[in-house]
*Asks:* 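Take a look at the following structure, please.
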Amino acid sequence: MLKGKSLVNIDDVATDDIFEIFKLASEYKKKVSKGEVLSELNGKIMATLFFEPSTRTRLSFESAMHRLGGSVITVSEAKSSSASKGETIADTIRMASSYSDIVVMRHPMEGAARLASEFSSVPVLNGGDGSGQHPTQTILDLFTIWEKFGRIEGLNVSLVGDLKYGRTVHSLIKALSRFENAINLISPEILQMPEHVLSGIKNQQNIRKISNLEDVLNRSDVFYVTRIQKERFVDMNDYAKVIGSYSFDLATVSRMKESAIIMHPLPRVDEINPEVDSDKRALYFTQASNGVFVRMAIISMILGVR
Ligand code: NCD
């Protein structure tokens, strides 16, 4: 049951609830594509507090709320809120939660969403906390895999790129490893998946560090490519060493299985050449548009109307 709950870490969501979200997201996807106008969240208000840049996450949450007939109040820039005057997260969230029925927050500090959920009088959805977690992104990632393969188990999944700072992969690996999936980790040496993420995972035997992408290119079902998180580097000399580490072009993609899919949470920088976009294996734009339907499902379950 998600009703009334905050969603800070992917571990907060039971597997049964993940499948409930999939069902409801599919239903909403059909309804929206038929042009149905929904009103189940009439009178409800969502506050979106984004203290870090965002395009897809904020817009898809806001679109989801509007599609359900609710409304949105927003802070889209740290400098336009009282955080820039030194207000604490605790005080900001106390106020925002008294103005709304549900809060979505993105913040550069790992742990910020957990802290916010402790001071909030309404459910808090973590829209990304530093290098921590991004649970709703993970649910929409899983939904995209489920739509394509009809399952989220028995797959060979390669996570590629910045596995150290990328929060989407920190949540995703936890969710994928609840099921029997072979997971390959492919990253530059200095951007490996942190031990604190790996140590919390049960099926460790299904996870392998791979040094060469070529080794899994014709074997993986899912390639989940990520951006090098430039903004999180402490030393820009380190960033210079890893720029352009992975670059998927049509030549790379032609060596993949016909049935494979390429995902990316976006924004991409240079990891995937735009020439790949028209290949049928490129699923990142579908993935991004699924964000609205999955978030509609999550919001309406948390607010208890479904
Ligand atoms: C990601 C994020 O913010 O963690 N973007 C997103 O939410 N879709 C990935 C990224 O910024 O690289």
Side-chain angles (χ1 to χ4, degrees), residues 7-10 25 48-65 74-78 103-114 116 124-145 158-176 185-188 191 193-194 197 222-233 239 242-248 261-272 277 282-296 298-299:
L7 183 41
V8 170
N9 189 299
I10 191 65
T48 54
L49 306 178
F50 277 67
F51 300 111
E52 219 186 37
S54 170
T55 308
R56 271 151 295 272
T57 303
R58 187 167 65 83
L59 289 186
S60 63
F61 262 118
E62 297 186 356
S63 169
M65 192 64 184
T74 190
V75 169
S76 60
E77 267 188 300
V103 170
V104 183
M105 189 174 89
R106 169 170 287 187
H107 197 282
M109 188 183 82
E110 199 168 327
R114 176 70 66 205
V124 173
L125 306 186
N126 182 4
D129 61 324
S131 300
Q133 288 262 318
H134 198 343
T136 63
Q137 175 73 41
T138 288
I139 301 171
L140 77 89
D141 295 340
L142 295 174
F143 177 74
T144 306
I145 296 172
S158 293
L159 307 181
V160 186
D162 186 346
L163 308 184
K164 178 179 181 187
Y165 296 118
R167 53 195 170 203
T168 64
V169 284
H170 296 169
S171 301
L172 185 58
I173 192 172
K174 284 185 160 192
L176 283 172
L185 305 181
I186 302 151
S187 68
L191 297 179
M193 185 68 74
V197 177
V222 178
F223 293 87
Y224 191 95
V225 187
T226 61
R227 173 179 72 89
I228 310 269
Q229 309 277 298
K230 181 180 180 185
E231 67 277 27
R232 312 229 187 270
F233 279 71
Y239 175 65
V242 291
I243 301 176
S245 295
Y246 301 98
S247 162
F248 285 69
I261 60 172
I262 307 157
M263 301 177 70
H264 192 305
L266 303 176
R268 70 174 146 184
V269 184
D270 53 6
E271 313 79 50
I272 303 179
D277 298 356
L283 229 64
Y284 28 92
F285 295 123
T286 305
Q287 178 188 357
S289 65
N290 280 340
V292 173
F293 314 115
V294 167
R295 289 180 169 121
M296 286 171 78
I298 293 171
I299 298 164

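Keep in mind that the numbers below use all heavy atoms, side chains included, and drop hydrogens, waters and symmetry copies. As the structure lists them, so they are numbered: ligands from 1, and atoms in each ligand from 1.
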*Asks:* If we only consider heavy atoms of E52, is any one of them less than 4.0 Å away from an atom in ligand 1?
*Replies:* no
*Asks:* With a cut-off of 4.0 Å, which atoms of ligand 1 are near a heavy atom of H134?
*Replies:* 2 (C), 4 (O), 6 (C), 7 (O)
*Asks:* Going by the rule side-chain hydrogen bond (donor to acceptor under 3.5 Å, both in side chains), which residues pair with E271 if we only count those two or more places apart in sequence or in a different chain?
*Replies:* H264
*Asks:* Which ligand 1 atoms does P267 reach within 4.0 Å, using its non-hydrogen atoms?
*Replies:* 10 (C), 11 (O)
*Asks:* Among all the protein's non-hydrogen atoms, which is closest to atom 11 (O) of ligand 1, and how far away is it?
*Replies:* R227 NH2, 2.9 Å
*Asks:* Hey, does the Lys NZ or Arg CZ of R232 hover above the aromatic six-ring of Y165, less than 6.0 Å from the centre and inside 45° of the axis?
*Replies:* no
*Asks:* Find all atoms of ligand 1 within a distance of less than 4.0 Å from any non-hydrogen atom belonging to T168, and give their numbers and elements.
*Replies:* 1 (C), 4 (O)
*Asks:* Would you name the heavy atoms of D129 and A113 that are closest together and state the gap between them?
*Replies:* CB-N, 4.3 Å
*Asks:* Are K230 and D162 close enough for a salt bridge, meaning some N to O gap below 4.0 Å?
*Replies:* no
*Asks:* Nearest to atom 3 (O) of ligand 1, what protein heavy atom do you find, and at what distance?
*Replies:* R167 NH2, 2.8 Å
*Asks:* Is G127 in contact with ligand 1, taking contact as a heavy-atom separation below 4.0 Å?
*Replies:* no
*Asks:* For the atom pair CG (N290) and OG1 (T144), what is the distance rounded to the nearest 0.5 Å?
*Replies:* 4.0 Å
*Asks:* Hey, which of R106, H170, R167 is the one that makes side chain to side chain donor-acceptor pair (under 3.5 Å) with H134?
*Replies:* R106
*Asks:* Distance from Q229 atom CD to L163 atom CG, nearest 0.5 Å?
*Replies:* 10.5 Å
*Asks:* Identify the protein heavy atom lying closest to atom 6 (C) of ligand 1, giving its residue, its atom name and the separation to 0.1 Å.
*Replies:* L266 O, 3.5 Å
*Asks:* Look at atom 8 (N) of ligand 1 and say which protein heavy atom is nearest, naming residue and atom and giving the distance to 0.1 Å.
*Replies:* P265 O, 2.9 Å
*Asks:* Any N or O of E231 that comes nearer than 3.5 Å to an N or O of ligand 1?
*Replies:* no
*Asks:* Could you tell me, atom by atom, which parts of ligand 1 come under 4.0 Å of a heavy atom of T57?
*Replies:* 6 (C), 7 (O)
*Asks:* Using a strict threshold of under 4.0 Å (side-chain N to carboxylate O), is an ion pair present between R114 and E110?
*Replies:* no
